[in-house]
Amino acid sequence: METCVQRSIKHCLDMIAPFEMQNQQKEDGQVQFYNFMVSLYQEMYKEPEKFMVFSKPYEEYAAKRKTQKMPNKAHINDSKESTLRNTFQQAIQFYALYFYKIGLKSKAIDGQSGTLIILKEDYDDVLNQMNRIHESKYNAERYEVLTKHGIQIYEKGNSVYISHTTYKRAMEGMVYLCKAPDSKYKWMNFVRLDFKNAYSPIPTVNDICKTLPVRSAETVKKLEDNLSGMKVKAKIKPLRGIVSDFKWKVEYAYKGKNICGFYADNAYFMLCIYFNHFQNINEFAKRLYEEDRDLFLWFKNQFPERLCKCPNNRRVFFGDEPRRICGLSNRAEIVNPDENDIDRALCVLRKYRMEIPQSGIEEVLC
């Protein structure tokens, strides 16, 4: 049986970009660091505990939660579950974070050996930063894991030298990612090993589709084809991590307001239609009820009920049926849609958004 920890590690592998390089002169270093990191995740998936990533605490708590009855449709903030999940997810990303931090502070790469050089005081600062994560008591064992996987570290004078026994140019690839211009996508490009976009201002929706199943990628294409007559901007939210609760988020904005978007990863896809205010949902539901009863029945099922006591909770009406929804999102949520769902969602979008200007989709920083 695959554990939650293993599913999270597999998610990391799924979210890594296909290897594509920009700088021909650095090809060896880029592909070597890419292969090294992928191999770490692959080995971690097989035996997480050897990487100090522990499944048992979360699995035991999750099993216990399944036996407890939870309030129907209520938003429950389980702080213990969140802490246990963050603990193993931080352990998974410990290795990428460590390399990112030493890459940022590195001073040079020895051109002959490929060894990374970092000042000892800067390296000590990195180690101190790494001690801030959950279960940092296992950090010494994590550094031992890296040693077993080929990382060599030694001090000389006021500097620390870091290299790999097999991937001798790997540090060049690591530094290439870390020395990219600062942007909100810099960490994301590093953790995804996205060499193609490291020095670009923004990834593209096409880059996202390369990480998705064919069906989800085709849904995105169909959505964009239907927006092609509108001057719409695609806003891509940067990933803060690539473990299992991080999904791609893309929103399409028209005249400064989000009109639709999606959340996606390798196993999940949610298409969203934004109404921007809960009263707009009420008005459109009335119109749809009169115009197309079949589409109306489908439409009302795309708004999950939220019974939390949040001050932004709002009541909307689908015919005579009231429902509580999140007044912050005010959106229809079509989860893992089939072909029929997609066609209906696009029909709703077209009915609600009647404007058809002349230009196409632009991609912008969010």
Side-chain angles (χ1 to χ4, degrees), residues 9 11-42 92-111 114-118 122-123 126 129-130 146 151 162-164 167-212 217 220 233-243 246-250 264-266 362-366:
I9 298 167
H11 192 271
C12 292
L13 285 163
D14 291 338
M15 296 294 273
I16 288 175
F19 180 75
E20 297 177 77
M21 62 181 185
Q22 291 283 37
N23 189 335
Q24 296 285 343
Q25 294 179 341
K26 299 293 184 181
E27 176 182 1
D28 288 346
Q30 290 180 23
V31 73
Q32 286 185 23
F33 185 65
Y34 185 96
N35 289 338
F36 169 59
M37 291 302 296
V38 169
S39 70
L40 274 186
Y41 286 123
Q42 289 172 337
I92 291 170
Q93 291 208 158
F94 170 89
Y95 303 93
L97 185 61
Y98 167 74
F99 287 123
Y100 183 67
K101 289 186 177 296
I102 62 175
L104 290 178
K105 288 184 173 288
S106 62
K107 296 303 177 186
I109 291 283
D110 182 84
T115 301
L116 178 142
I117 304 169
I118 179 173
D122 288 337
Y123 186 70
V126 169
Q129 291 180 48
M130 298 306 296
L146 289 176
I151 295 296
I162 304 174
S163 62
H164 195 285
Y167 299 106
K168 297 187 182 297
R169 315 304 302 189
M171 296 299 105
E172 290 178 352
M174 182 186 76
V175 169
Y176 177 83
L177 291 173
C178 290
K179 298 304 182 183
D182 285 335
S183 79
K184 60 181 68 180
Y185 296 95
K186 184 169 180 174
W187 162 246
M188 183 186 88
N189 289 334
F190 181 89
V191 77
R192 294 188 65 237
L193 304 172
D194 191 352
F195 289 95
K196 182 174 78 73
N197 286 305
Y199 288 73
S200 302
I202 182 174
T204 67
V205 174
N206 186 53
D207 292 320
I208 292 174
C209 288
K210 291 176 182 178
T211 69
L212 302 180
V220 174
K233 294 181 179 180
K235 302 185 296 181
I236 300 171
K237 182 179 179 180
L239 296 169
R240 292 185 291 111
I242 56 174
V243 282
F246 288 99
K247 294 176 175 59
W248 290 111
K249 178 183 178 181
V250 178
D265 63 19
N266 194 257
E362 302 173 29
E363 286 171 347
V364 297
L365 294 173
C366 67

For the atom pair CG (L13) and CD1 (I9), what is the distance rounded to the nearest 0.5 Å? 8.5 Å
Audit row: N197, M188, side chain to side chain contact (heavy atoms under 4.5 Å, CB included) steps and yes/no: CA-CA 10 Å; N197 286 305; M188 183 186 88; over 6 Å; no
With sequence neighbours excluded, tell me which residues meet side-chain contact (heavy atoms from CB on, under 4.5 Å) with R169. D28, Q32, E172
Looking only at atom types and distance, does a side-chain atom of S106 sit under 3.5 Å from a main-chain N or O of A108, one as donor and one as acceptor? no
Compare every heavy atom of A198 with every heavy atom of L177, then report the nearest pair and how far apart it is. CD2-CB, 3.8 Å
Please find out if less than 6.0 Å separates the ring center of Y95 from that of Y100. no
Is a side-chain donor or acceptor of K186 paired with a backbone partner of C178 at a separation under 3.5 angstrom? yes
Taking H11 for the side chain and V243 for the main chain, is one N or O donor matched with an acceptor at less than 3.5 Å? yes
For the residue pair Y185 and I202, establish whether any side-chain heavy-atom pair is separated by less than 4.5 Å. yes
For P203, does its backbone N or O pair with a side-chain atom of D207 as donor and acceptor, under 3.5 Å? no
Rounded at 0.5 Å granularity, tell me how far CG in N189 sits from CG in L239. 9.5 Å
Contact check, side chains of M15 and W248, non-hydrogen atoms, under 4.5 Å: yes
Taking the side chain as every heavy atom from C-beta outward, state whether V250 and K235 have any atom pair closer than 4.5 Å. no
Rounded to the nearest 0.5 Å, how far apart are CE of M37 and SG of C12? 9.5 Å
Given side chain to side chain contact (heavy atoms under 4.5 Å, CB included), test N266 with K247 step by step and report yes or no. CA-CA 9 Å; N266 194 257; K247 294 176 175 59; over 6 Å; no
At their closest point, which heavy atom of I236 faces which heavy atom of V205, and how far apart are they? CD1-N, 3.9 Å
Out of F190, Y199, Y34, which one pairs with Y176 under the ring pair (Phe, Tyr, Trp, His ring centres under 6.0 Å) rule? Y199
Please round to the nearest 0.5 Å and tell me the distance separating atom CG of L40 and atom CG of L146. 6.5 Å
Within the side chain of N35, is there an N or O that forms a donor-acceptor pair under 3.5 Å with the backbone of V31? yes
Side-chain touch K107/I118, heavy atoms, less than 4.5 angstrom: no
Are any of the side-chain heavy atoms of D14 and D265 separated by less than 4.5 Å? no
Side chain to side chain contact (heavy atoms under 4.5 Å, CB included) assessment of V175 paired with L116: CA-CA 8 Å; V175 169; L116 178 142; 3.6 Å; yes
Within the 6.0 Å centroid threshold, strictly below: Y167 and F33: no
Is there a donor-acceptor pair closer than 3.5 Å between any side-chain N or O of D110 and the backbone N or O of T115? no
Test side-chain contact (heavy atoms from CB on, under 4.5 Å), reference I16, set T211, V191, D194, L193, output is L193
Side chains of K168 and H164, heavy atoms from C-beta outward: is any pair under 4.5 Å? no
Side-chain heavy-atom pair E20, F195 within 4.5 angstrom cut-off: no
The test is side chain to side chain contact (heavy atoms under 4.5 Å, CB included); show your working for L97 and W187 and say whether it passes. CA-CA 9 Å; L97 185 61; W187 162 246; 4.1 Å; yes
Sub-4.5 Å side-chain heavy-atom contact between K179 and L104: no
Mind listing the closest non-hydrogen atom pair of Q93 and I242 along with its distance? OE1-N, 2.9 Å
